[in-house]
Amino acid sequence: MTAVANVKTEYEAIIGLETHCQLSTNTKIFSSSSTAFGADPNTNIDPVCMGLPGVLPVLNEKVLEYAVKTGLALNCQIAEYSKFDRKQYFYPDLPKNYQISQYDLPIAEHGWLEIEFADAQGNLIRKPIGVTRLHMEEDAGKLVHGGSDRLSGSSYSLVDYNRAGVPLVEIVSEPDLRSGAEAAEYAEELRRIVRYLGVSDGNMQEGSLRCDVNISVRPVGTEKFGVKVEIKNMNSFSAIHRAIDYEIERQIAAIEAGEPIIQETRLWEEGAQRTISMRTKEGSSDYRYFPEPDLAPIEVSKKQLEQWKGELPELPAQKRHRYESELGLSVYDTRVLTEDPAVADFFENAIAAGANAKAAANWITQDIAAYLNKQKLSITQIALSPANLAEVITRIESGTISNAQAKQKLPDLLDGMSPEKAFAGQELITDPSLLEPIIDEAMAANPKELEKYRNGNTKLLGFFVGQVLKKTDKRADPKLTNELVEKKLNS
C-alpha cells in the first residue's frame, strides 16, 4: 500500500461588520430631548423616548439629512421611498419593548468604501468593501450592573434611559473582509468618513461608534459559507483586530477537532483576550417586524438629494489619492495628514499660504505631531497658524534661517510667537569672510582632533562643523559651513 500524506486543510475567514454610528444631532431621533453625553442618569428623557401612552414620534429632519449624506459618501443608492418598522424584543433598557428601526425598505443600499492596508510583503493594497445597506434607528438605554454576586458578578442593575431615542445609523458591510487587519481598517475608514462629513464624532469610548463582527471560516476553494458567529463588546480598533484573529483560530481548531460551530453571539473579553458565548443568535423572524404605524413613509425629492450631494466635502480616500498624485506625497504622509479633517485643513491652508507641500507635510507629521502627542492636544488647540508655518518654511528655503533654528524655536511658535519675533537677529551667517575666522578659531582650539582628521579620521568633519555652529549659536549657514570647514581641513 502507498502511504498518503496528511495535508492540512487551509481555511479562509468570511467577515462582515455591522456598525452602529451615533449621529451628532442636538436632539433625539423622534423627540426634543438632548443627546449630550455625560449627563446625570435619566435627565435627558421625555414621554416619547420613554414610550408613555398617547405620545407620537416625529422624525428629526437632521437625522434624515445625516443618514442620506452618509449613504452618499458610501456610494450607496438612496431610496426615493423608505419607511420605519417596529422591531419587537424585550430588554430592561428598551422602554417600549420595541425599537423603531428600518427593515425591508432602508434609506440607502448597495454601496462601497475603499480600504488601504499592507500585505505580507509590505505592498500597499487598496480594496473596495461592499456596503449592503444603511438604515436609521433609535438607540436603547443602558444597564449599569452593580453589587456582587458569586455567579454573575453583580447583584442588581440600574437603568439609565438617557441613550433611549438617540439617533443611529446602522451600516452593514458585505462579507468581503478576510482578516482582523482588514476589518479594523474598514472600521477606521468608516470613522474617518463620518468625521469628515461632520455627522458623528465617532468616539468609540463614548459609544458613538460600535461594531459587531459576523465571522465564519471555510476551506479555501469552497463557495458555501461556514456557520456564522457574531462578536460584540469591542471598544477599539485593536480589539476588533484581536477578537477576529482569536475567533478565526478558535473556529478552525473546533472544525479540525470535529466539533460543531454554533450560530451564536459571543463577547470579547479584553482581559482574557478571548471570546466567550453570550446567547444563541436571533433571526429576523424572532423580532416580528411590521411597519411603524405612527410614522409616515419617507420620500427624498431629487432636489433635496442634489442639495445634500452638493454639500459633501472631499472625503479621506479622495484626499489621499490627490495628495499622492498631485502633491507627490508618500503613502505614510497622506495617511497621517488625512486621518483628522482638522489636520488636513491645517495642511491645505499652509500650502495656500505659500508653503512647499513636502516641507509642510514633514513639519506637521513629525515635529508638530510629536508635540501634539506629548501634550495630548489636537491641532486646533495650538496657536501656530498655517500662515506662520508657511512663513517659517519659506525662511528656511530662502536660506534666511536654518532647519535647526526653526526646530529650536518651534515651542515658541506653537505658543503663538510670530516668526518675525522668533527669528529677530537670528538670520543665518552666509558671508564666508565672517565664517572663516570662526573656523580657524575652532581648528586652533582642537589640535588633537585636527591631527586625527589629517591622519585619516574624516568623520571628525562633523565635529568641526558642530563647533562652528555652537560658536555662532547655530546661525552659521550649515551647507556653507560644511564646505568651508572641509576646504580648510584639507588645505
Side-chain angles (χ1 to χ4, degrees), residues 13-22 37 87-94 98-99 101 129 131-135 137-145 152-154 157 159-160 163-164 166-175 177 179-188 190-191 194 200 202-217 225-251 254 261-284 286-287:
I14 308 297
I15 303 162
L17 263 65
E18 297 174 6
T19 306
H20 288 88
C21 178
Q22 178 180 329
F37 178 80
K87 181 181 180 180
Q88 319 283 334
Y89 66 95
F90 170 77
Y91 206 64
D93 61 5
L94 194 69
Y98 64 85
Q99 177 191 34
S101 182
I129 304 299
V131 173
T132 308
R133 58 182 281 152
L134 175 151
H135 65 260
E137 64 184 22
E138 62 180 344
D139 205 352
K142 178 182 178 182
L143 287 176
V144 181
H145 305 291
S152 64
S154 62
S157 296
V159 187
D160 179 5
R163 288 194 66 92
V166 164
L168 305 175
V169 287
E170 181 174 351
I171 301 163
V172 182
S173 82
E174 291 286 333
L177 301 159
S179 69
E182 287 187 26
E185 174 56 29
Y186 167 88
E188 287 191 71
L190 200 53
R191 183 174 72 170
V194 297
S200 176
N203 289 335
M204 296 189 80
Q205 297 84 350
E206 296 180 2
S208 298
L209 194 74
R210 312 196 293 272
C211 295
D212 299 334
V213 174
N214 292 302
I215 178 171
S216 64
V217 298
F225 287 173
V227 177
K228 180 176 65 176
V229 171
E230 182 183 44
I231 311 173
K232 289 182 176 289
N233 196 35
M234 293 166 291
N235 59 5
S236 70
F237 300 121
S238 62
I240 291 171
H241 189 161
R242 286 179 277 114
I244 289 173
D245 288 349
Y246 173 90
E247 186 62 19
I248 291 171
E249 293 301 319
R250 186 192 74 83
Q251 291 189 26
I261 303 296
I262 301 170
Q263 183 170 342
E264 62 180 340
T265 297
R266 299 177 70 87
L267 293 179
W268 172 245
E269 279 194 337
E270 184 66 34
Q273 294 288 292
R274 65 175 184 174
T275 64
I276 59 170
S277 181
M278 178 185 176
R279 62 173 182 262
T280 56
K281 178 64 176 169
E282 300 91 343
S284 59
D286 297 313
Y287 292 124

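Since the structure is predicted, the reported quantities are computational estimates derived from the model, not experimental observations.
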> Can you give me the closest heavy-atom contact between Ala254 and Ile261, atom names plus distance?
CB-CD1, 3.6 Å
> Evaluate Thr19 against Tyr186 for side-chain contact (heavy atoms from CB on, under 4.5 Å), listing each step before the verdict.
CA-CA 10 Å; Thr19 306; Tyr186 167 88; 4.2 Å; yes
> What is the minimum heavy-atom distance between Glu138 and Gln99, and which atoms define it?
O-NE2, 2.6 Å
> What is the minimum heavy-atom distance between Ala183 and Ile240, and which atoms define it?
CB-CG2, 4.2 Å
> Could you check whether any side-chain heavy atom of His20 comes within less than 4.5 Å of a side-chain heavy atom of Glu137, counting everything from C-beta outward?
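A side-chain contact under 4.5 Å exists here.
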> What is the distance from atom CE of Met234 to atom CG of Leu267, rounded to the nearest 0.5 Å?
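The distance works out to 9.5 Å.
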> What pair of heavy atoms forms the shortest contact from Val159 to Pro92, and how long is it?
CG1-O, 4.0 Å
> Of all heavy-atom pairs between Ser216 and Val227, which one has the smallest distance, and what is that distance?
CB-O, 3.3 Å
> Can you confirm whether Glu182 sits close enough to Glu185 that some side-chain heavy atom of one is under 4.5 Å from a side-chain heavy atom of the other?
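In short, these two side chains do not touch, never coming nearer than 4.5 Å.
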> Just verifying a value: how many Å separate Arg266 CZ and Ile231 CD1, rounded to the nearest 0.5 Å?
8.0 Å
> With no hydrogens and no angle check, do the side chains of Ser200 and Gln22 hold a donor and an acceptor under 3.5 Å apart?
no
> To the nearest 0.5 Å, what is the distance between CG (Leu190) and CG (Leu17)?
8.5 Å
> So which heavy atom on Tyr246 is nearest to which on Gln273, and how close?
CD1-O, 3.6 Å
> Using 4.0 Å as the upper bound for N to carboxylate O, is an ion pair formed by Asp93 and Lys142?
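No, this pair does not count.
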> Are the charged groups of Glu270 and Arg242 less than 4.0 angstrom apart, N to O?
yes
> With sequence neighbours left out, write down each residue that passes side chain to side chain donor-acceptor pair (under 3.5 Å) with Arg210, or none if nothing qualifies.
Asp139
> Quick check against the 3.5 Å criterion: does Glu264 have a side-chain atom that pairs as donor or acceptor with the backbone of Val229?
no
> Between atom CD of Glu247 and atom CD of Glu230, what is the distance when rounded to the nearest 0.5 Å?
11.5 Å
> Is the closest side-chain heavy-atom distance between Leu209 and Phe237 below 4.5 Å?
yes
> Has Tyr89 got more than 12 heavy atoms of other residues, nucleotides or ligands less than 6.0 Å from its OH?
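Counting neighbours around OH of Tyr89, more than 12 heavy atoms of other residues, nucleotides or ligands fall under 6.0 Å, so yes.
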> Sequence neighbours left out, what passes salt bridge (Lys or Arg N to Asp or Glu O under 4.0 Å) with Arg191? Give chain and number order.
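Listed in chain order: nothing, the list is empty.
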> Can you tell me how far apart CD1 (Ile129) and CD1 (Ile15) are? Round to the nearest 0.5 Å.
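So the CD1 of Ile129 and the CD1 of Ile15 are separated by 10.0 Å.
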> Measure the spacing between CD1 of Ile171 and CG of Leu168 and express it to the nearest 0.5 Å.
10.5 Å
